[in-house]
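Working notes, beginning with the structure itself.
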Number of protein chains: 2
Amino acid sequence: MELQIRIKMNEHLFLRDPESSELGRKIVRQSILLIHEIGFEDFTFKKLAVAIHTTEAGIYRYFENKHRLLVYLVTWYWNLLEYQVLYQINNLTDPEMKIRKVIELLSKEIDENIGGSDINHKVLYQIVIAESNKVYQTKEVGENNKAQVYKPYKDLCTLIANLFTEYNPSYAFPRSLASTLVEMAHFQYFFMHHLPSLTDFGKDKDTRKLHEFLEVLVFSNIRNGK
Amino acid sequence: MELQIRIKMNEHLFLRDPESSELGRKIVRQSILLIHEIGFEDFTFKKLAVAIHTTEAGIYRYFENKHRLLVYLVTWYWNLLEYQVLYQINNLTDPEMKIRKVIELLSKEIDENIGGSDINHKVLYQIVIAESNKVYQTKEVGENNKAQVYKPYKDLCTLIANLFTEYNPSYAFPRSLASTLVEMAHFQYFFMHHLPSLTDFGKDKDTRKLHEFLEVLVFSNIRNGK
DNA sequence: TTAGAATGATAGTAAAGCTATCTAATAAAA
DNA sequence: TTTTATTAGATAGCTTTACTATCATTCTAA
């Protein structure tokens, strides 16, 4: 069975739905590769246009600017991750197991054959790690937030926070711990590779240790009640 | 007694030492206000030049580009914070009290009358919260790191990690917990104000609750041994 | 077959992000 | 006191980024 998940993206994120045309899909697919290659700061629509043999103006028909495109990409990731989490914890009853599953999903790229698009999840995961904060660390947070742009991210955090509450209803900070977990899954990965002395797994770059750190971080907190 | 602390900045951060001239100090002081006002993305040397009645070229004599200037500002903060921490825990013997003091210092702006310069610490703290990640979330992390640019940040984390180890030598992730603490002190503050549903203190925006969250986060972990 | 939408091609503008050069002011050295 | 180095101001200019507008063409769906 071929499973095709259609992720409905917030219409504020684009001018014309990139999933609705060949050019749109090319823009999304190639921008992931190009941003990963040269970094978001050096990435321009001009360079992307050259890479996919179209024109700058062509890309501007889909996305207002490069920042919106980044938001689109990162949001796409959050959407898919939430779907993944829901799907994978569906058959679990033990809240502890559910939380362990979430941590596992947060610490690795999403399977290539999920999502029904040919988006490169491995590279997208790298972009999320290296650039996702720029999506909300901007003067436009307020407006974007009003336009529901961060809804998928917030939904994911709410979902995780609810698992914490399910595990221990008396724990006082489920939401903050959820955002801490999500952010740290990515930050510690980034630090491990680029500023290893900020972590305890810099030497062997062992993802399992990072994984263990996150589990200890979460369970030490929610086990303690408050 | 007037205490004048001279912070020695890494020479890679500037072309000409801004603390060595009136214009240099103006650049630093005013850039803090301007970045805070319009955000780092919209901030340009041209705008700064107009604000301090000099020319673009004049500013380029001090800083290679605006990113380096941001690194300079944030690094200045890390340096001063480390100094503050060392000074304040100096007279404490109980490791728990030392850690509590660190968390307190992390959660608020630095006193205006410390540091011997007329830099606006309140506003600088806001910049650190809103923009500091951009300092290392860039393609140049590697080069910068080699040039010791992040040393003050890493030194601060090492200092905190050592306090954790002092409190409990068997805790396995002192460094990762230290960087988690530092990052989350700022992230949760940012979330509280801009994406409140990602925290548990969004409604009343109560800094004491944030403070309590950070204490619970840290002590739940290091108390547990591993 | 024909209107409408999507794309390509081209052009152009304002601002950002630099570099270079020359001159005036000023401070340190001879 | 004169000379010389350093710093700042003024101006110019150049490339790239970020974006808008226009028109012709192709493709598609009624």
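Each chain gets a letter, A, B and so on, in the order the sequences are listed, and its residues count up from 1. None of these values were measured; they are calculated from a predicted model.
- Between A:E22 and A:R29 there is a salt bridge, with a side-chain nitrogen of the basic residue lying less than 4.0 Å from a carboxylate oxygen of the acidic one.
- Note on ring orientation: taking the six-membered ring where Trp is involved, the planes of A:F14 and A:Y72 are perpendicular (angle over 60°, cut-offs 30° and 60°).
- Separation of the A:Y125 and A:H121 ring centroids does not fall under the 6.0 Å cut-off.
- Of the possible polar contacts, one joining the A:K66 side chain to the A:E41 backbone as a donor-acceptor pair under 3.5 Å is found.
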Spell out protein contact along nucleotides 15-30 of chain D as letters: B when the base is contacted, S when just the sugar-phosphate is, - when no protein heavy atom is under 4.0 Å; keep the 5' to 3' order.
--SBBBBB--------

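- Side-chain atoms of A:K209 never come within 3.5 Å of backbone atoms of A:D200 as a donor-acceptor pair (strictly under, hydrogens ignored).
- In this structure, A:N10 contributes its side chain and A:A147 its backbone to a donor-acceptor pair below 3.5 Å.
- Under 3.5 Å, the side chains of A:S132 and A:Y77 contain no donor-acceptor pair of N or O atoms.
- The stretch residues 12-40 of chain B touches DNA chain D through B:R16, B:S21, B:L23, each having a heavy atom within less than 4.0 Å of the strand.
- Proximity of B:T55 to the phosphate of D:dG9: no side-chain N or O atom is located under 4.0 Å from OP1 or OP2.
- Side-chain atoms of B:T199 and B:Q188 include no donor-acceptor pair closer than 3.5 Å.
- Between B:Y62 and the phosphate of D:dT7, there is no side-chain N or O to OP1/OP2 separation shorter than 4.0 Å.
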